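Down below is the structure, laid out as structure tokens.
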Amino acid sequence: MMARPFGFRRFFCLAMIIVSMLGGRALATEPLRLVTFSLPPFMDLNDEKTPGFSVEVLRQVFTVMGRETSFEEFPFSRSWAMVAGGERDGIFGVVRTGERERICSFPDEPLTRERWVFFIRTADAGRLTFSSYDDLVGHDIAMPGPLPGVYMSAELRKFLQEHHGNIVDTADPAMVFSMLASGRVDYAIVNLAVGKREIAAMGLSGKIEPILSRSAMEDSYRVCFSKARVDPAFVDAFSSALREFKQTEAFQAIYRKYFP
């Protein structure tokens, strides 16, 4: 993710070339209306100083592309319903799934590449492991959701259902870690960056830790553009602009702000 940087001026020139390839279409259309949901440190529009890594990256990319864009934050289910219903141009901070691909176009370039890992109580380190699926048999596992295919792969979910692993779907990462800390579950699956932030905020540092030897799932957070509302040429142009922006000093400054 931390590729060799080059100047923002060069990025600006390249982005203008990309926009010109659209024949001015991106500049002439109405403002792009995107929705998301709260998932610090990636998205948190209620915090003006730290609105989220993905939000700040997208603002920079769309500005250089010359595309006026608005961002709105709702619960995930409502945000997705608005996109699926043709009320908004897209949603960001989601992973690619077959269901979403029927409605949305996904740029080739992701916002970030992420890991979802198992967290355990520090007191159980060494006793509870994740070297294979068999280590999870007979244990209670909490995860935020339910959002199948986002926090747990279909393969893992099927294995647990067939081998007496109890999946506990919860409202959010804070509830997941509360259950883990209280001993109500043995494992928790959470995005690694989100989990570290939440543990610190809840005062659970030193009491809960991630298992880093193996991921529960690896995937990318992306922007999902409505096929009904956004020209495919713009999606391709956005992908190129995002890829170029990742090579700039400005991108690395945003990255360091949220992932010091």
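None of these values were measured; they are calculated from a predicted model. Computed from heavy atoms alone, side chains included, the values below leave out hydrogens, waters and symmetry copies.
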Can you check salt bridge (charged side-chain N to carboxylate O under 4.0 Å, His left out) on Asp124 and Lys207, steps first, answer last?
CA-CA 10 Å; Asp124 291 328; Lys207 298 179 181 179; over 6 Å; no

Any chance you could lay out the salt bridge (charged side-chain N to carboxylate O under 4.0 Å, His left out) test for Glu209 and Arg121, step after step, and finish with the verdict?
CA-CA 6 Å; Glu209 63 183 57; Arg121 291 177 292 277; over 6 Å; no

Step by step, work out the salt bridge (charged side-chain N to carboxylate O under 4.0 Å, His left out) result for Asp89 and Arg33.
CA-CA 5 Å; Asp89 297 309; Arg33 302 180 69 186; over 6 Å; no

Check the pair Glu72, Arg88 against salt bridge (charged side-chain N to carboxylate O under 4.0 Å, His left out), reporting the backbone distance first and the verdict last.
CA-CA 10 Å; Glu72 298 171 284; Arg88 295 295 187 271; 2.6 Å; yes

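Using bins of under 30°, 30° to 60° and over 60° for the plane-to-plane angle, the ring pair Phe251/Tyr255 lands in the tilted bin. By the 30° and 60° cut-offs, the orientation of the rings of Phe259 relative to Phe42 is tilted. Ring geometry for Phe71 against Phe62 counts as tilted: the plane angle lies between 30° and 60°, on a 0 to 90° scale.
Note that OG of Ser105 is 12.5 Å distant from CZ of Phe238, once rounded to the nearest 0.5 Å. Leu136 CG to Asn166 CG: the interatomic distance, rounded to the nearest 0.5 Å, is 12.5 Å. Here NZ of Lys257 is found 11.5 Å from CZ of Phe53. Values are rounded to the nearest 0.5 Å.
When side chains are defined from C-beta on, Ser220 does not count as touching Arg96, because their heavy atoms never get closer than 4.5 Å.
Side chains of Thr97 and Glu99: no donor on one and acceptor on the other come within 3.5 Å. When only modelled atom types and interatomic distance are considered, Ser215 and Arg115 share a side-chain donor-acceptor pair under 3.5 Å. Side-chain atoms of Asp47 and Thr50 form a donor-acceptor pair, as typed in the model, at a separation below 3.5 Å.
For Ser205, the side-chain contact (heavy atoms from CB on, under 4.5 Å) test picks out Ile199, Ala200, with sequence neighbours left out.
The aromatic ring centres of Tyr187 and Phe119 sit 6.0 Å or more apart.
Nearest heavy atoms, Val83 versus Val35: CG2-CG2, 3.7 Å. Residues Glu56 and Pro51 share a closest heavy-atom pair of OE2-CD, 3.6 Å. The minimum heavy-atom distance between Phe92 and Met43, with the atom names listed, is CE1-CG, 3.5 Å. Scanning both residues, Met175 and Thr170, for their nearest heavy atoms gives SD-CB, 3.8 Å. Of all heavy-atom pairs between Ser79 and Thr36, the closest is OG-O, 2.7 Å. Considering all non-hydrogen atoms of both residues, Glu198 and Ala174 come closest at OE2-CB, 3.5 Å.
Heavy-atom contacts from other residues, nucleotides or ligands closer than 6.0 Å to NZ of Lys196 number 12 or fewer. Within 6.0 Å of atom CD in Glu162, more than 12 heavy atoms from other residues, nucleotides or ligands are found, so the atom counts as buried in its surroundings. Within 6.0 Å of CZ on Arg214 lie more than 12 heavy atoms contributed by other residues, nucleotides or ligands.
Distance alone, capped at 3.5 Å, is enough to place a donor-acceptor pair between the Arg229 side chain and the Gly86 backbone. Arg100 contributes a side-chain N or O that, together with a main-chain N or O of Val95, makes up a donor-acceptor pair within less than 3.5 Å.
Stacking of Arg67 on the aromatic ring of Phe234 is recorded, both the 6.0 Å distance cut-off and the 45° axial limit being met.
Checked options Leu180, Leu128, Ile141; the residue passing with Asp186 is Leu128 (criterion: side chain to side chain contact (heavy atoms under 4.5 Å, CB included)).
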